A.B. asks: 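The following block contains the structure, expressed as structure tokens.
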Amino acid sequence: MKREMNLSNRRYTNELSAANSGERVCIAGWVHEKRDLGGVLFLIVRDFGGLAQVTLHRKSTDPELFERAKRVPRESVVAIEGTVKSENKAPSGYEIIPERMVVLNEASPKLPLDTTDKVSAELDTRLDARFMDLRRERTKHIFVIRSKVLKAIHDFFDERGFIEINTPKIVSAATEGGTALFPISYFEREAFLNQSPQLYKQILMASGFDRVYEIAPIFRAEEHDTTKHLNEATSMDIEVAFVTDREVMAILEELIAFVYARIAAYPGLSKLGIELEVPKVPFRRVTYDEAIELLSDSGEQIEWGEDLSASAEHALGRIMGEHYFITEWPLALKPFYAQPSEHRNDICNAFDLMHPRLELASGSQRVHSYELLRSQIESKGLSAESFEFYLDAFRYGMPPHAGWGLGIERLLMSMLGIENIREVVLFPRDRRRLVP
RNA sequence: GCCCGGGUGGUGUAGCGGCCUAUCAUUGAGCCCUGUCGAGGCUCGGACUCGGGUUCAAAUCCCGACCUGGGCGCCA
């Protein structure tokens, strides 16, 4: 009775229209909704392309097929062979009159969430059933956009002569400091998941590969539990030789504008209710000193040398309104590899790229002198011996260089106006979540 | 780590000492219905996170655990 159906020539629902009227087609997907009007039964079938209406008239349909269509539970996977019929009463101007239907997988009736969005679901519920959450229009588009953002970034750097690199994610104890690391067992030794590709991308500056980029996971063992932190995140990093912080800042703002322009053209954006405005470059730049003065005027007191608190960042975001850079940070606030300013010994050529309410990226011109780097490592209380693998690269011809790291998830959040970072990661890892 | 919220059918919620045999929506089962597009109408099914305590009486108050949302800190 159920002959095998050849799915290799199946059509996506968005490829079909009234123009295909009379064609015999095969579609496959999930039963999104059923509307049983007694004498007529509508099956709304969803695939990656969208929705299609399959219409069954009781009088003119094989009774066995009609009954099976009536009984198939929502979200079951079905393949349907039928004829396209132009019909202006149908939602997309056509419908499919089925001749055959194969249920490839029947769904259990108590669905973990509602894919039609009649009833909302909490984020935690959605993440537990992410496979089903992704069937929802909005969630789907977030990840299509994520993919397009990554593609845009690759295109941007490829066009500019950058080489894509892959640095190790299993590293020895020596790190740039700051964040806590996840220890792992590496045969008879202890190792860690990397917190950033920083040291390795810098080592490559001594290789002649003078424009590199990497998009890769980073791991932070901080026990933070906020809407903008993850324990596994995706970092977009670049490192460029023979330039200073000013040049890599220009690359960064051009990249942001480039990505926005690409995504602004994506039709799915309207499904998210978003209209993207491509930010104008160059972005505004404020020095750290100017920032604390601006904050002081608006009632936020920051001692010189202190980092900006969350409320200070928000206040500054309200003043600036758009993407902006904070430059000339106190040297003590930035990692050992930040190049001290040629004008003042207490500040460095480091910058943060801010979006109102969120830090997107940070970078700097790097120290390329072996002696200075070694002394800055030691002045941070770190052991220079454990950095020998890194320091070695600075002893045999290290050009001046600069770079930055950008949080992909934060870029997506800020672009799409999403409040919780977990929304833009398929399977987020946070303080509590290790599955799915 | 600190500070506030919250855990009620599959999902999302109302109720916050007795009117609870727990509300509403959606989902599910069944019936009616030939053009739905959040279909409609009728019937039925389905839940108080766990453990202690207070009380004549606990979904409701108290304590603990677990889970969870947000803010801060840390961090990017």
Side-chain angles (χ1 to χ4, degrees), chain A residues 32-44 51-61 66 70-71 73-75 85 87-93 95 97 107-129 132-133 136 175-181 195-198 217-237 306-314 333-335 350 352-355 357-363 404-411 413-414 419-422 430-433:
Chain A
H32 186 66
E33 265 184 286
K34 284 190 296 180
R35 295 199 194 93
D36 180 2
L37 278 68
V40 62
L41 170 67
F42 299 106
L43 284 191
I44 312 301
L51 301 173
Q53 176 163 291
V54 176
T55 305
L56 297 92
H57 295 275
R58 187 186 284 280
K59 276 186 182 165
S60 54
T61 306
F66 192 91
K70 192 176 163 177
R71 299 289 160 207
R74 283 167 64 221
E75 293 304 327
K85 184 184 165 215
E87 174 56 75
N88 48 28
K89 280 181 279 185
S92 36
E95 60 193 13
I97 310 299
S108 294
K110 288 189 174 176
L111 302 175
L113 49 87
D114 175 17
T115 56
T116 65
D117 282 337
K118 284 177 199 160
V119 180
S120 59
E122 288 189 356
L123 183 58
D124 192 53
T125 305
R126 290 169 43 209
L127 291 176
D128 280 342
M132 188 158 287
D133 183 43
R136 296 170 58 241
T175 73
E176 45 189 294
T179 193
L181 300 181
Q195 69 173 101
S196 95
Q198 182 64 35
I218 56 170
F219 304 90
R220 312 273 165 114
E222 296 296 331
E223 297 202 6
H224 40 48
D225 195 3
T226 78
T227 52
K228 39 182 176 284
H229 292 90
L230 290 167
N231 294 296
E232 178 178 350
T234 311
S235 181
M236 142 92 260
D237 275 81
E306 272 180 27
D307 209 345
L308 303 185
S309 66
S311 73
E313 270 185 17
H314 296 164
L333 282 181
K334 290 293 175 184
D352 282 2
L353 172 64
M354 309 297 295
H355 183 271
R357 295 191 69 82
L358 206 54
E359 178 189 332
L360 292 183
S362 63
W404 45 254
L406 163 75
I408 292 292
E409 285 81 16
R410 290 188 172 186
L411 174 63
M413 289 170 76
S414 58
E419 294 296 324
N420 195 316
I421 196 165
R422 294 162 183 81
D430 62 29
R431 178 70 186 87
R432 292 185 280 250
R433 186 174 285 277

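Just so we're on the same page: letters track the sequence lines, and every chain starts at 1. If you're wondering where the values come from, they're calculated on a predicted model, not measured in any experiment.
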A.B. asks: What contact category does Asp36(A) fall into here, base, sugar-phosphate, or nothing, at under 4.0 angstrom with non-hydrogen atoms?
C.D. replies: base
A.B. asks: Taking atom P of U11(B) as reference, at what distance in whole Å does atom CD of Glu75(A) sit?
C.D. replies: 16 Å
A.B. asks: Charged N to carboxylate O below 4.0 Å: is that the case for Asp36(A) and Arg71(A)?
C.D. replies: no
A.B. asks: Any side-chain N or O of Lys89(A) less than 4.0 Å from the OP1 or OP2 oxygen of C37(B)?
C.D. replies: no
A.B. asks: Return the polar atom pairs (N/O with N/O) between nucleotides 5-10 of chain B and the protein under 3.5 Å, or none.
C.D. replies:
| residue | atom | partner | partner atom | Å |
| --- | --- | --- | --- | --- |
| G10(B) | O2' | Leu111(A) | O | 2.7 |

A.B. asks: Within this structure, what is the CG-CZ distance for the pair Asp430(A) and Arg422(A), rounded to the nearest 0.5 Å?
C.D. replies: 4.0 Å
A.B. asks: What does His32(A) touch in the nucleic acid at a heavy-atom separation under 4.0 angstrom: a base, only the sugar-phosphate, or nothing?
C.D. replies: nothing
A.B. asks: Determine the contact category for Arg431(A): base if any of its heavy atoms lies under 4.0 Å from a base atom, sugar-phosphate if only primed atoms, P, OP1 or OP2 are that close, otherwise nothing.
C.D. replies: nothing
A.B. asks: Could you work out the separation of G40(B) and C33(B) based on their C1' atoms and round it to a whole Å?
C.D. replies: 9 Å
A.B. asks: The side chain of Leu37(A) lies closest to which of these nucleotides: G12(B), G35(B), C75(B)?
C.D. replies: G35(B)
A.B. asks: Expressed in whole Å, how much space separates the C1' atoms belonging to G15(B) and U23(B)?
C.D. replies: 7 Å
A.B. asks: Taking only the side-chain nitrogens and oxygens of Arg35(A), find out if one of them lies under 4.0 Å from OP1 or OP2 of A39(B).
C.D. replies: yes
A.B. asks: Provide, to the nearest angstrom, the distance between the CD1 atom belonging to Ile421(A) and the P atom belonging to G71(B).
C.D. replies: 13 Å
A.B. asks: With the criterion being N/O to N/O and under 3.5 Å, what pairs connect the protein with nucleotides 66-70 of chain B, and how long is each?
C.D. replies:
| residue | atom | partner | partner atom | Å |
| --- | --- | --- | --- | --- |
| U68(B) | OP2 | Arg432(A) | NE | 3.1 |
| G69(B) | OP2 | Arg432(A) | NH2 | 3.0 |
| G70(B) | OP1 | Asn420(A) | ND2 | 2.9 |

A.B. asks: Roughly, in whole Å, what's the span from CD in Glu313(A) to C1' in C72(B)?
C.D. replies: 13 Å
A.B. asks: In whole angstrom, what separates His224(A)'s NE2 from A76(B)'s C1'?
C.D. replies: 8 Å
A.B. asks: How far apart are the C-alpha atoms of Thr227(A) and Glu419(A), what are their side-chain angles, what is the distance that settles it, and do they pass the side-chain contact (heavy atoms from CB on, under 4.5 Å) test?
C.D. replies: CA-CA 7 Å; Thr227(A) 52; Glu419(A) 294 296 324; 5.8 Å; no
A.B. asks: Which part of the nucleic acid, if any, lies within contact of Glu95(A), taking any heavy atom under 4.0 Å across all strands shown: a base, the sugar-phosphate backbone alone, or nothing?
C.D. replies: base
A.B. asks: Go through the N and O atoms of the side chain of Glu222(A) and the base of G1(B), and report whether any donor-acceptor pair is under 3.5 Å.
C.D. replies: no
A.B. asks: When all nucleic acid strands are considered with a 4.0 Å heavy-atom cut-off, which category describes Arg58(A): base, sugar-phosphate, or nothing?
C.D. replies: nothing
A.B. asks: Could you summarise the pairing of RNA chain B as dot-bracket text, marking Watson-Crick and G-U pairs under 3.5 Å with ( ) or [ ] inside the strand and | across strands?
C.D. replies: (((((((..(((.....[.....))).(((((.......)))))....(((((..]....))))))))))))....
A.B. asks: Measure from the side-chain heavy atoms of Gln53(A) and tell me the nearest of G38(B), U36(B), C72(B).
C.D. replies: U36(B)
A.B. asks: Test Met236(A) against Trp404(A) for side-chain contact (heavy atoms from CB on, under 4.5 Å), laying out the working first.
C.D. replies: CA-CA 8 Å; Met236(A) 142 92 260; Trp404(A) 45 254; 3.8 Å; yes
A.B. asks: Which one, G73(B), G1(B), A76(B), comes nearest to the side chain of Ala310(A)?
C.D. replies: G73(B)
A.B. asks: Using a 3.5 Å distance criterion without hydrogens, assess whether the side chain of Gln195(A) forms a donor-acceptor pair with backbone atoms of Leu181(A).
C.D. replies: no
A.B. asks: Is it the case that the side chains of Ser92(A) and Gln53(A) hold a donor-acceptor pair, with the cut-off being a distance below 3.5 Å and no angle test?
C.D. replies: no
A.B. asks: If I pick the C1' atom on C24(B) and the same atom on A76(B), what distance separates them, to the nearest angstrom?
C.D. replies: 44 Å
A.B. asks: Rounding to an integer number of angstrom, what distance separates A25(B) and C63(B) when you compare their P atoms?
C.D. replies: 36 Å
A.B. asks: In whole angstrom, give me the gap between the C1' atoms of G17(B) and G53(B).
C.D. replies: 15 Å
A.B. asks: Of the listed nucleotides (A76(B), G12(B), C37(B)), which one gets closest to any side-chain atom of Glu359(A)?
C.D. replies: A76(B)
A.B. asks: Can you tell me if Lys59(A) touches the phosphate of G35(B), counting only side-chain N or O atoms and a distance under 4.0 Å to OP1 or OP2?
C.D. replies: no
A.B. asks: Taking the side chain of Glu33(A) as its heavy atoms from C-beta onward, which of G73(B), G28(B), G38(B) lies nearest to it?
C.D. replies: G38(B)
A.B. asks: Checking contacts here: which listed nucleotide (U27(B), G73(B), G35(B)) is nearest the side-chain heavy atoms of Arg74(A)?
C.D. replies: U27(B)
A.B. asks: Ignoring hydrogens and angles, answer whether the base of G73(B) and the side-chain atoms of His229(A) contain a donor-acceptor pair closer than 3.5 Å.
C.D. replies: no
A.B. asks: When the distance from CG of Leu56(A) to P of G35(B) is rounded to whole Å, what number comes out?
C.D. replies: 15 Å
A.B. asks: C32(B) P sits how many Å from Lys70(A) NZ, rounded?
C.D. replies: 7 Å
A.B. asks: With sequence neighbours excluded, what pairs up with Arg74(A) under the side-chain contact (heavy atoms from CB on, under 4.5 Å) test?
C.D. replies: Leu111(A), Asp114(A), Thr116(A)
A.B. asks: List for me each residue that meets side-chain hydrogen bond (donor to acceptor under 3.5 Å, both in side chains) alongside Arg58(A), sequence neighbours excluded, and say none if there are none.
C.D. replies: none
A.B. asks: Can you name the side-chain contact (heavy atoms from CB on, under 4.5 Å) partners of Asp117(A), sequence neighbours left out?
C.D. replies: Arg136(A)
A.B. asks: Could you tell me whether the phosphate oxygens of U36(B), OP1 or OP2, come under 4.0 Å of any side-chain nitrogen or oxygen in Thr55(A)?
C.D. replies: no
A.B. asks: For the pair made of NZ in Lys334(A) and C1' in C75(B), what is the distance, rounded to whole Å?
C.D. replies: 12 Å
A.B. asks: Identify whether any heavy atom of Leu230(A) sits under 4.0 Å from a base atom; if not, whether one sits that close to sugar-phosphate; answer base, sugar-phosphate or nothing.
C.D. replies: base
A.B. asks: For G70(B) versus A59(B), give the span between their P atoms, rounded off to a whole number of Å.
C.D. replies: 30 Å
A.B. asks: What's the gap between G73(B) and C19(B) when it is taken at their P atoms, as a whole Å value?
C.D. replies: 47 Å
A.B. asks: At what distance, to the nearest 0.5 angstrom, does OG1 of Thr55(A) lie from CZ of Arg35(A)?
C.D. replies: 10.5 Å
A.B. asks: Please report, rounded to the nearest Å, how far the C1' atom of C2(B) is from the CD atom of Glu223(A).
C.D. replies: 13 Å
A.B. asks: Give a yes or no answer on whether the side chain of Lys34(A) reaches the backbone of Lys70(A) with a donor-acceptor pair at less than 3.5 Å.
C.D. replies: yes
A.B. asks: For Ser235(A), report the nucleic acid contact type (base, sugar-phosphate, nothing); a contact means any heavy atom under 4.0 Å.
C.D. replies: nothing
A.B. asks: Mind checking the P distance from U13(B) to U26(B)? Whole angstroms is fine.
C.D. replies: 16 Å
A.B. asks: Determine the contact category for Ala233(A): base if any of its heavy atoms lies under 4.0 Å from a base atom, sugar-phosphate if only primed atoms, P, OP1 or OP2 are that close, otherwise nothing.
C.D. replies: base
A.B. asks: Can you list the steps and then say if His229(A) with Glu223(A) is a side-chain contact (heavy atoms from CB on, under 4.5 Å)?
C.D. replies: CA-CA 10 Å; His229(A) 292 90; Glu223(A) 297 202 6; over 6 Å; no
A.B. asks: Is it the case that the side chain of Thr226(A) and the backbone of Lys228(A) share a donor-acceptor pair, with hydrogens and angles ignored and the cut-off at 3.5 Å?
C.D. replies: yes
A.B. asks: Determine, for Glu222(A) against Arg220(A), whether the closest basic-nitrogen to carboxylate-oxygen distance falls under 4.0 angstrom.
C.D. replies: no
A.B. asks: Using a strict 4.0 Å threshold on nitrogen-to-oxygen distance, state whether Arg433(A) and Asp225(A) make a salt bridge.
C.D. replies: no
